[in-house]
Amino acid sequence: MKLKLKFSLLFLMMFLVFMTSIGLYLKIVFAAYSPIRSPLLIPQYVALLLPICAIACIIFSILIIYIHFSIEKPIQLLNARLEEINIVYPMPPLTRRSNDEIGALYKHFNNMEERLQLASKEQIDMIAAIAHDLKTPLTSINGFAELLSMHKDLPETERHEYYELIQKKSKYMAELIKEFSSFTKEKLDLESMRTKPVDVLKLFNDIAQEYEYELGGLGYEFTCYHSFAGNMLLMVNETMIRRVFGNLFSNAVRYGGENKLKVYMTGYPQGRYAFFQIEDNGIGVPDKDISSLFLKFFTVDKSRQVQNEGMGLGLASCKSIIEHHGGKIFAYHSGYGGLGIRFSLPFVT
């Protein structure tokens, strides 16, 4: 129950109790002293007012106690928690059983702490990922350069191979920096993103046709199905949404791990949202990693990172784009055996 309604009912109840008590009391007084002929300010009649004052004080005290335990104390606890907040050593979440505004405030505060801890973890993971991704090629480059400087009598063919390896590692580092820069630029583009109405049926068919040709050219099987009707519009930035589909299909091919990979695309309306699913029959993702897939710089298998040229930014980018459009994105174990990604986009209302 909302505090506004609670206080209204409480004051109404207290008012009724107070008026009823006064009415009963006055009825008894007038029955005993009727008719009253002497002045009302004499001590005898003033003493009759004391029980009314006592009733008022009791009601006022009850209100004070209720306000203290229902509002003042919870806010004091929240202020104390704000002074002690620590994202490195998280404390147990605040608990409150009431469903009023104070309970909602506690819930939002707990969510804020979780987001702060997640942001801190993402920053640490980002630094660790950048260090890991740059350290490996730098170590190789330094090793090859040192080898070339110490052994000047190396055969020309071997020397040429070392130069090629140095060039390859340098190119990979340049690609890493380019991807980091692209991700940052995309964040800025999302802040100034412009949207327009897009027919969901046409968008689905265009995406399906594009990736049916692309996956077929790679020797993979593609299946699609939808239940969209005509005149269903999404308010989106089509370029950004196509980038989401591109990342999801790219991940399915890159990490599917199956020679006979099959990719499934599904679309359907539900309430105010259009839902899209991209699934595959690949090797999937371990249970412990499902909840971390959309974190920046997270990769399921660090040992495959260089081999697959993945740095854990694709799904993080998808999450940012979908959430900026007012939708949500989830990962799950597909019924086909691999990984499934489902995201929603709101219809034009």
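- Both I322 and I290 are assigned to one and the same hydrophobic cluster, defined by single-linkage of ILVMFWY side chains at heavy-atom distances under 4.5 Å.
- The nearest pair of heavy atoms linking A145 to I166 is N-CD1, 4.0 Å.
- Judged by distance alone, the side chain of S344 and the main-chain N or O of K328 form a donor-acceptor pair under 3.5 Å.
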I would like to know whether E164 and K168 meet salt bridge (charged side-chain N to carboxylate O under 4.0 Å, His left out); could you show each step before the answer?
CA-CA 6 Å; E164 285 186 346; K168 181 180 178 181; over 6 Å; no
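- Minimum interatomic distance between L78 and L105 (heavy atoms only, all atoms of both residues): CD2-CD2, 3.3 Å.
- Contact of the M265 side chain with the Y211 side chain is not registered, since no non-hydrogen atoms from C-beta on lie closer than 4.5 Å.
- Here the side chain of Y225 pairs no donor or acceptor atom with the backbone of Y268 at under 3.5 angstrom.
- Remark: R81 is not positioned above the aromatic ring of F109, lacking an NZ or CZ atom under 6.0 angstrom from the ring centre and at most 45 degrees off the axis.
- Side-chain N/O atoms of E156 and H160 include no donor and acceptor closer than 3.5 Å.
- Inter-residue side-chain proximity for L215 and F249 is flagged as met; some heavy-atom pair is nearer than 4.5 Å.
- When side chains are defined from C-beta on, V348 does not count as touching L234, because their heavy atoms never get closer than 4.5 Å.
- Taking both residues in full, the closest heavy atoms of E238 and L203 are given as OE2-CD1, 4.0 Å, listed atom of the first, atom of the second, then distance.
- Here the side chains of H325 and I241 are in contact, with some heavy-atom distance below 4.5 Å.
- In N79, the CG atom is crowded: over 12 heavy atoms of neighbouring residues, nucleotides or ligands sit closer than 6.0 Å.
- Both I207 and V198 belong to a single network of hydrophobic side chains, linked directly or stepwise wherever heavy atoms of I, L, V, M, F, W or Y lie under 4.5 Å apart.
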Run the numbers on F330 and L293 for side chain to side chain contact (heavy atoms under 4.5 Å, CB included), then give the verdict.
CA-CA 9 Å; F330 308 91; L293 284 178; over 6 Å; no
Give the C-alpha distance, both sets of side-chain angles, the deciding distance and a yes or no for side chain to side chain contact (heavy atoms under 4.5 Å, CB included) between V253 and E214.
CA-CA 11 Å; V253 172; E214 183 173 328; over 6 Å; no
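- Put simply, the side chain of E210 reaches to within 4.5 Å of the side chain of R242, judged on heavy atoms.
- For the pair Y106 and P74, the minimum side-chain heavy-atom distance is below 4.5 Å.
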Chi angles and distances behind the side chain to side chain contact (heavy atoms under 4.5 Å, CB included) call for T223, V263:
CA-CA 6 Å; T223 303; V263 182; over 6 Å; no
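- Taking a 6.0 Å sphere around CD of E158, one finds it holds more than 12 heavy atoms contributed by other residues, nucleotides or ligands.
- Considering only heavy atoms from C-beta on, I329 comes within 4.5 Å of C318 through its side chain.
- The aromatic rings of F228 and F204 lie perpendicular to each other, with more than 60° between the two planes, well past the 30° mark.
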Between L315 and N247, does the side chain to side chain contact (heavy atoms under 4.5 Å, CB included) criterion hold? Intermediate values first, please.
CA-CA 7 Å; L315 289 180; N247 283 337; 5.9 Å; no
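- For the pair N281 (side chain) and Y336 (backbone), a donor-acceptor distance under 3.5 Å is absent.
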Check step by step if side chain to side chain donor-acceptor pair (under 3.5 Å) holds for H324 and N237.
CA-CA 10 Å; H324 270 78; N237 183 296; over 6 Å; no
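- Aromatic ring orientation, F343 versus F245: perpendicular (interplanar angle above 60°, classes split at 30° and 60°).
- Between K169 and I141, the shortest heavy-atom distance links the atoms CB-CG1, 3.6 Å.
- Contact detail for L261 and A252: the closest heavy-atom pair is CD2-O, 3.4 Å.
- In this structure, the side chains of M235 and P346 stay at 4.5 Å or more apart for every pair of heavy atoms.
- Of all non-hydrogen atoms in G340 and E279, the two that sit nearest each other are CA-CG, 3.9 Å.
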